[in-house]
Amino acid sequence: MKLFILGSGTCVPYERRGSSGYALKLSKSTLLLDCGNGTTWKLGKVGINYLEVDHIFLSHFHPDHTADLIPFLFATKYPQAPKREKPLYIWAAKGFKKFFSALQKAYNGWIVPESLNLKETKEGIFKFDGFTLTARKTPHIESSLAYRIESSGKSLVYSGDTDYSEPLIELAKDTDALIIECSVPDELKVKGHLTPTEVVKIANESRAKKIIISHLYPICDKTDITSVIREHTEADVILAEDLLEVEI
Ligand SMILES: [Zn+2]
Ligand SMILES: [Zn+2]
């Protein structure tokens, strides 16, 4: 599988890092993990046509993870744009249909292409054509889920936004790659987000082979958090950057 980091930042406007979005190319399908602002046009920058995306999995409903659903769906519906031939599935936690119906009300029918299928998911294991998805709840907000995707003998886990979590460690057991949020340095710890020390703990307890540190507030770039994390774990440590491609 091939991972493309579209947005390694947060809600804070920052020239180096856009809001959360990750594209994953599998043997039979293309997935989007989150759709924060800027995700749609950055798909093009990494060479993925937005019409290629089969499934969007949302980690939770915060705007920095969902705001680009609007341009993505408007483009998909736009009559002068190339027509989408295959179905599009958007998956998120319970409450998503209600969340989407509010968006739909605000934007009339402009963001509801014919191909759209909305799905609410809960914790569990789900089989798709060519991949398996496991979802676990995380401590951040009510709708927060972390995902594990397995395909062609490889696995990738995406933490979404989260605090320290045993279920996340279980989900990430021996995974080939773990995209893990690391919002702020240790001294600025806030509830519902991780710091470098907690990232190290999760990396070591899960024995993830590679960790990709992401969801970085600008303050994270003021210190060398990568070296701090690298010093304390055997995992291969990658600092996420927008438009970075990672072979898994
Ligand atoms: Zn966030
Ligand atoms: Zn959040």
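Indexing begins at 1, ligand by ligand and atom by atom, following the structure's order. Since this is a predicted model, take the numbers as computed values, not measurements.
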> Rounded to 10°, how big is the angle at the Zn ion (ligand 2) from His60 NE2 to His62 ND1?
Replying inline: 90°

> From the Zn ion (ligand 2) out to just under 2.8 Å, does an N/O/S atom of Cys11 turn up?
Replying inline: no

>> Among the N/O/S atoms of His140, which is closest to the Zn ion (ligand 2)? Give the atom name.
In response: NE2

> Backbone or side chain, does His65 get an N/O/S atom under 2.8 Å to the Zn ion (ligand 2)?
Replying inline: no

>> So, 2.8 Å as the limit: is an N/O/S atom of Asp64 located closer than that to the Zn ion (ligand 2)?
In response: no

>> What I want to find out is whether Asp176 reaches Lys209 closely enough, with some N-O distance under 4.0 Å, to be called a salt bridge.
In response: yes

>> Can you tell me how far apart OG1 (Thr121) and CZ (Phe57) are? Round to the nearest 0.5 Å.
In response: 8.0 Å

> Do side-chain atoms of Ser159 reach the backbone of Glu181 as a donor and acceptor pair under 3.5 angstrom?
Replying inline: yes

>> Tell me whether Lys86 at atom NZ has more than 12 heavy atoms from other residues, nucleotides or ligands lying less than 6.0 Å away.
In response: yes

>> To 10 degrees, how wide is the angle NE2 (His215) to the Zn ion (ligand 1) to OD2 (Asp161)?
In response: 90°

> Hey, is the main chain of Ser143 close enough, under 3.5 Å, to the side chain of His60 for a donor-acceptor pair?
Replying inline: no

